[in-house]
Amino acid sequence: MKNRKFGLSLQYGGILFLLLSLIGFSLSYLHSKQQAIENEKLSKAFDLLLEESLQTQLEQNARLIAQNLVSQLPNAIAYAHYSKIKKIISKNLNLEQTSYIYIYDKEGNILHDGSSLVKPFNQSINLYLPDFLKKQKHFKLSSILKDNSVHIAMPIYGDYQGEKLLLGGVRFSIHFPLIEQGIERFNETMDNNQSKIIAQFRKENLTLFFIFALLSIVVSVLIGRRMSKPIVSLSLATKQIEQGNYKVKIDKINQRGELADLSVSLENMCCSLDSQVEKIKFFAFLDELTKLPNRKLLVQDLNALIKKKQQGCLLKIDIDSFGRINKQYGNRVGDLFLIKASQLFNRVCEVMIDSDIDYKMYRSGSDEFDIIVQCDVDSASALADKLNQHYTDLYINGYKLSLDIHLGIFSFSDKDISSSQIITCAELALKEAKLSTQTKVCLFQTELMDSVNNKSQLLESLYTAIDQSLFFLNYQPIVCLDNQSVITYEALIRLKVDDKFISPADFIPLAEEMHCIDQITYFVIEKVCQDLASCKSFDKRVSINISGQLIDRSDFYLRVISILEHYKIDCTRIALEVTETSMVKSFEQAIEGIIRFKKAGFMIYLDDFGSGYSSLSYLQKLPIDVVKLDKDLVQGVLENSRYFDSIVALCYALDLRIIIEGVETAEQLALCRKSGCGMIQGYHLSKPLLWQDARQWVYIPES
């Protein structure tokens, strides 16, 4: 009986054991399956969260670099300092992650790409962008992440009387291959670990089932908790990464296997990202060569002082000898020269500035340094004088190098002023110091800002005139005294904006400085051709003034020929006037350009001869037809007629015809006639006239 009871107990116990084990195994299996599903969801969510976090941080870092570029470019773009633009973007191009950088004007035409020749200059930026960027707005802050490359567009504004003026924009791309590889390795690890985690989980449950099946449910729950804890920990870490905290502490997983490997991979990725961010911050706020704060940090510090309404002075230093030294001895010596100069500047500041006065030095350009000193203007001036006088020569690698500097000083207080205005005023003072022959140190004066404001107003009027075609032409007759008739006319451009006439002597040099003289010249040529084409019976020649910036350009030549062909105007009907001063910098190239026009049939006039750079080389080498004597030379003929007669005789000896400009009195006309000059131009004969009046004008000889 006992054996039977024992047998039944054993049977019932065995059945119960099997039932409980089956239930435990089933529950364990279902829990394992559910855990696998949850793990997969968590993994996908973690992967997406990490990728979005990295993308957001990459875009923020790229924008940081873009803001650094934009903060340095307004003055360089406004004054068309292309060499300075190149220097500004060169150090960013040196980063191996940078794919391209384009600086463009407000029409979307490329100003610089960092290369030496700038082949895409003045071409539309859309010609050089990937297809997915061409429809994007170029003058609105935007960023696009594609294939782990951040493509940034950011407008560039200039500060004018507290208002922002659009100057252009910058587009560039940064690629992060190290981060891309890290994401790929992480995704691969997550995919492999998912299946391994599930297999490991099931294996542990099955082992526990054979040991003690009744405890399978409890063991499965414990294992589930054990498995989910590291995943939750990793999920919390990704949220910290999303907020830009790459120094997040990742809890170590005290077990061997894939989760531990995953934890190590994530920790290594954070270290890599943190290193990248620190490197970006270094380039964004510090100068790599001198280890001084850069221009971006200068702006931030000035804003902080302005916010606190603290008084101080900004000293701007320009090393004039750096360009020559860098070119003569090479970049290596040039870099050492800048480092040594910055150290000497800092040493002078330490000696001259009291310990209770705060100061800070920055490198804001290739050969420019700034010093903020919280002191009065007299102390700042004394410091500037000491900086200018204390050191004259530096010895580097056996070379004796001259340290030649100029300084500009601007004093600011608690008055309403922006950081950009402070920097601009200091730059104006520096520019004035470089123009002065009396001193190398200049303190900002209000008159300098007035000059800049006038120039800004003139520039605005010039751009308005170009956009709205506000230019018009006058024609001044040139009379031949021998046959007492008009032989040619000079086309003179005029500008009227808001009922105010602007002299060509003011806007033409500015147009050349801002490199928009070609648009004005094309307008003059086309207008002259229109007027000539409108009057078929008019057979006189018209002369047009050409800038020295254009005469040697092949694209300018082709454009001029195209305009004449369009209006069916023969080249012999047009004379080109080129001033001798415009050819001083590129005389040989000017000769090539003049020869090109000469062969096409144009007549060539040498304008304003005798105005300062007069040289026989111009008369001997240039293929010119006519020499136009400068009006200042003519107006002084009464005081020095022998000098005037000598120049006239020289021109005739070289078989050159002469046109005398600026004849304003009867006495001047009589002396010109006496010297044998037969072609006269000036207000004494006729002022410049509108086209309809000029072609009907008739010369009436004086009795």
Side-chain angles (χ1 to χ4, degrees), residues 62-63 65-144 146-147 149-158 166-175 366 463 466-467 511-522 547-562 586 589 592-593:
R63 289 189 180 188
I65 296 177
Q67 291 172 357
N68 181 38
L69 275 171
V70 167
S71 69
Q72 301 180 58
L73 286 168
N75 286 337
I77 294 178
Y79 292 100
H81 292 165
Y82 295 111
S83 60
K84 189 171 184 180
I85 294 176
K86 178 182 178 183
K87 291 178 181 178
I88 291 173
I89 67 178
S90 290
K91 67 178 181 180
N92 290 284
L93 277 175
N94 291 334
L95 293 176
E96 60 181 7
Q97 296 94 341
T98 304
S99 301
Y100 64 79
I101 298 179
Y102 294 115
I103 309 300
Y104 47 91
D105 59 25
K106 66 178 182 179
E107 284 79 23
N109 297 326
I110 294 176
L111 295 175
H112 220 294
D113 63 349
S115 65
S116 298
L117 298 179
V118 195
K119 293 184 179 179
F121 175 75
N122 209 28
Q123 299 185 34
S124 173
I125 190 173
N126 283 331
L127 299 176
Y128 295 87
L129 292 178
D131 292 337
F132 67 91
L133 291 177
K134 291 183 178 178
K135 294 184 180 180
Q136 298 294 321
K137 294 182 179 180
H138 302 315
F139 299 101
K140 182 178 180 182
L141 174 62
S142 64
S143 61
I144 295 178
K146 187 175 180 64
D147 298 331
S149 291
V150 182
H151 301 266
I152 291 289
M154 183 173 289
I156 300 173
Y157 291 95
L166 180 64
L167 301 178
V170 57
R171 264 198 178 279
F172 77 101
S173 171
I174 295 182
H175 184 64
S366 63
Y463 285 144
I466 293 175
D467 293 339
E512 291 182 327
E513 179 183 343
M514 303 309 296
H515 297 279
C516 58
I517 190 64
D518 53 343
Q519 301 178 58
I520 298 175
T521 305
Y522 291 141
S547 170
Q549 294 181 1
L550 305 175
I551 193 66
D552 61 330
R553 281 172 38 184
S554 58
D555 62 323
F556 174 72
Y557 169 78
L558 295 175
R559 178 73 177 274
V560 172
I561 294 298
S562 175
S586 55
Q589 294 180 0
E592 294 179 5

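Taking each heavy atom of F139 and D105 in turn, the nearest pair found is CZ-O, 3.2 Å. Q549 and D552 get closest at one heavy-atom pair: O-OD1, 3.9 Å. For the residue pair S173 and S149, the shortest heavy atom distance occurs at OG-CB, 3.9 Å. For I88 against Q72, the heavy-atom pair with the smallest separation is CD1-O, 3.2 Å. Closest non-hydrogen pair, C516 versus Y463, comes out as SG-CE2, 4.4 Å. Pairing each heavy atom of I101 with each of I89, the nearest pair is CD1-O, 3.9 Å.
For F121, the ring pair (Phe, Tyr, Trp, His ring centres under 6.0 Å) partners two or more places apart in sequence, or in a different chain, are Y82. Applying the salt bridge (charged side-chain N to carboxylate O under 4.0 Å, His left out) rule to D131 yields the partners K134; only residues at least two apart in sequence or on another chain are considered. Annotation: side-chain hydrogen bond (donor to acceptor under 3.5 Å, both in side chains) contacts of Q67 (sequence neighbours excluded): none. Applying the side-chain hydrogen bond (donor to acceptor under 3.5 Å, both in side chains) test to N126 and every residue at least two apart in sequence or in another chain returns H138. Taking K86 as the reference, S116 meet the side-chain hydrogen bond (donor to acceptor under 3.5 Å, both in side chains) condition, with sequence neighbours excluded. For Y102, the ring pair (Phe, Tyr, Trp, His ring centres under 6.0 Å) partners two or more places apart in sequence, or in a different chain, are Y100. Residues meeting the side chain to side chain contact (heavy atoms under 4.5 Å, CB included) test with L558, sequence neighbours left out: none. Legend: residues meeting salt bridge (charged side-chain N to carboxylate O under 4.0 Å, His left out) with E592, ordered by chain and number and at least two apart, are absent. In this view, T521 and I517, I525, I546, L550, F556 satisfy the side chain to side chain contact (heavy atoms under 4.5 Å, CB included) rule, not counting sequence neighbours. A search for side-chain hydrogen bond (donor to acceptor under 3.5 Å, both in side chains) contacts involving N75 returns E427, not counting sequence neighbours. Taking the ring pair (Phe, Tyr, Trp, His ring centres under 6.0 Å) definition, one finds that Y157 meets it with nothing, sequence neighbours left out.
In this structure, CG on L73 lies 4.5 Å from CD1 on I156, to the nearest 0.5 angstrom. The OG atom of S124 sits 11.0 Å away from atom CD of E107, with the distance rounded to the nearest 0.5 Å. Interatomic distance, OG of S562 versus OH of Y522, reported as 10.0 Å (0.5 Å rounding). Taking NE2 from H515 and CG from L111, the interatomic distance works out to 9.5 Å, rounded to the nearest 0.5 Å. Taking CD from Q519 and CG from D467, the interatomic distance works out to 8.0 Å, rounded to the nearest 0.5 Å. Within the model, atoms NE2 of H151 and CG of L133 stand 5.5 Å from one another, a figure rounded to the nearest 0.5 Å.
Two residues are said to be in side-chain contact when any heavy atoms from C-beta on lie closer than 4.5 Å; S99 and I174 fail this criterion. The closest side-chain heavy-atom distance from I125 to R171 is below 4.5 Å.
No close placement of the Y104 and H112 rings is indicated, their centers lying 6.0 Å or farther apart.
Each of I110, D113, V170 was evaluated against I103; a single residue qualifies, V170, per the side-chain contact (heavy atoms from CB on, under 4.5 Å) test.
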